[in-house]
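Hydrogens, waters and symmetry mates are skipped; everything else that's a heavy atom, side chains included, is used.
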Amino acid sequence: DSIFSEIIDNEMYSSSQRRIATIHLAKINMYYYHKYADAMNLINRYLEMTKGREYGPGLGVKADVFYEMMEYDSAFNYYNESMNSYDDLYSRCRNADKLSELSAIKGVSEKAIYYHKLYGQLRDSIIEIEKAREIEELRFKHNEELLEETIAHKHKRFTIIGLSSLLSL
């Protein structure tokens, strides 16, 4: 974590690198050390660094801190805010899952059902995208193999024609 601290405070690194280091150090403080106050300070610093851009990741981690501290109302609000300010499908899926879980904890079954359905839809979308990516990769590999076979066949044919020409001399 000292590497991240050095990056955060070093102006030689880009603002993007410093933001990334800040959010990672916040996660380390939260998940590894369970230093929630330190994690929250780093997240607030991250949010200040973003200046209104890229709030979603910071809000999600801030929600995680509140969740770990069992401050479920605050966690719910930040997961919801993260959900509405972040287009990343994976993060939205995770947020929907957490919102469903928190709604169930709070005893609001209608919201729990709503967010669980949303989670399922988002998860299905992710699966479809990943399957399409896998199919495209297989198609690319297949076309590449066909091209290599064609080249090898032509090379073999030209070699045979060349040898035949030499032998006929």
*Asks:* Less than 4.0 angstrom from a charged side-chain N to a carboxylate O is my criterion; do D64 and R94 meet it?
*Replies:*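 Salt bridge: yes.
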*Asks:* Are L99 and M70 linked, directly or through intermediate hydrophobic residues, by side-chain heavy-atom contacts shorter than 4.5 Å (ILVMFWY only)?
*Replies:* yes
*Asks:* Anything under 3.5 Å between a donor and an acceptor, one on a side chain of residues 105-118, the other on a protein residue two or more places apart or in another chain? List them.
*Replies:*
| from | atom 1 | to | atom 2 | distance (Å) |
| --- | --- | --- | --- | --- |
| K106 | NZ | D73 | OD1 | 3.4 |
| Y115 | OH | N80 | OD1 | 3.4 |

*Asks:* Less than 4.5 Å apart, side chain to side chain, heavy atoms only: is that true for L122 and D97?
*Replies:*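 They are not in side-chain contact.
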*Asks:* Hey, are the side chains of H142 and L138 touching, using non-hydrogen atoms and a 4.5 Å cut-off?
*Replies:*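 Answer no - side chains too far apart.
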*Asks:* Let me have the donor-acceptor pairs involving side chains of residues 36-45, under 3.5 Å, with sequence neighbours excluded, atom names and distances please.
*Replies:*
| from | atom 1 | to | atom 2 | distance (Å) |
| --- | --- | --- | --- | --- |
| Y36 | OH | H34 | ND1 | 3.3 |
| N41 | ND2 | A37 | O | 3.4 |
| N44 | OD1 | K62 | NZ | 2.7 |
| N44 | ND2 | M40 | O | 3.3 |
| R45 | NH2 | D9 | OD1 | 2.7 |

*Asks:* Could you name each residue pair satisfying side chain to side chain donor-acceptor pair (under 3.5 Å) that touches residues 124-139, not counting sequence neighbours?
*Replies:* Y90-E130, E136-R139
*Asks:* With heavy-atom distances below 4.5 Å as the criterion, would you say the side chains of Y67 and Y79 are in contact?
*Replies:* yes
*Asks:* Taking atom CG of D87 as the centre, report whether more than 12 heavy atoms of other residues, nucleotides or ligands fall under 6.0 Å from it.
*Replies:* no
*Asks:* Does Y13 OH have over 12 foreign heavy atoms under 6.0 Å away?
*Replies:* no
*Asks:* Which heavy-atom pair separates N10 from R18 by the least distance, and what is that distance?
*Replies:*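 Nearest pair, atom of N10 first, then R18: O-CD, 3.3 Å.
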*Asks:* Supply the atom-to-atom distance M12 CE to I7 CD1, rounded to the nearest 0.5 angstrom.
*Replies:*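 Reported value, rounded in 0.5 Å steps: 12.0 Å.
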*Asks:* Give me the other members of the hydrophobic cluster that I20 sits in, counting Ile, Leu, Val, Met, Phe, Trp and Tyr linked by side-chain heavy atoms under 4.5 Å, directly or via other members.
*Replies:*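 Hydrophobic cluster check, I20: no partners found.
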*Asks:* Which Ile, Leu, Val, Met, Phe, Trp or Tyr residues join I151 in one cluster when any pair of side-chain heavy atoms under 4.5 Å counts as a link?
*Replies:* L147
*Asks:* According to a 4.5 Å side-chain heavy-atom criterion applied to Ile, Leu, Val, Met, Phe, Trp and Tyr, with indirect links allowed, do M30 and L59 form part of one hydrophobic cluster?
*Replies:* yes
*Asks:* Taking side-chain contact (heavy atoms from CB on, under 4.5 Å) as the test, write out the residues that go with K156, two or more places apart.
*Replies:*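 So K156 forms a side-chain contact (heavy atoms from CB on, under 4.5 Å) with I160.
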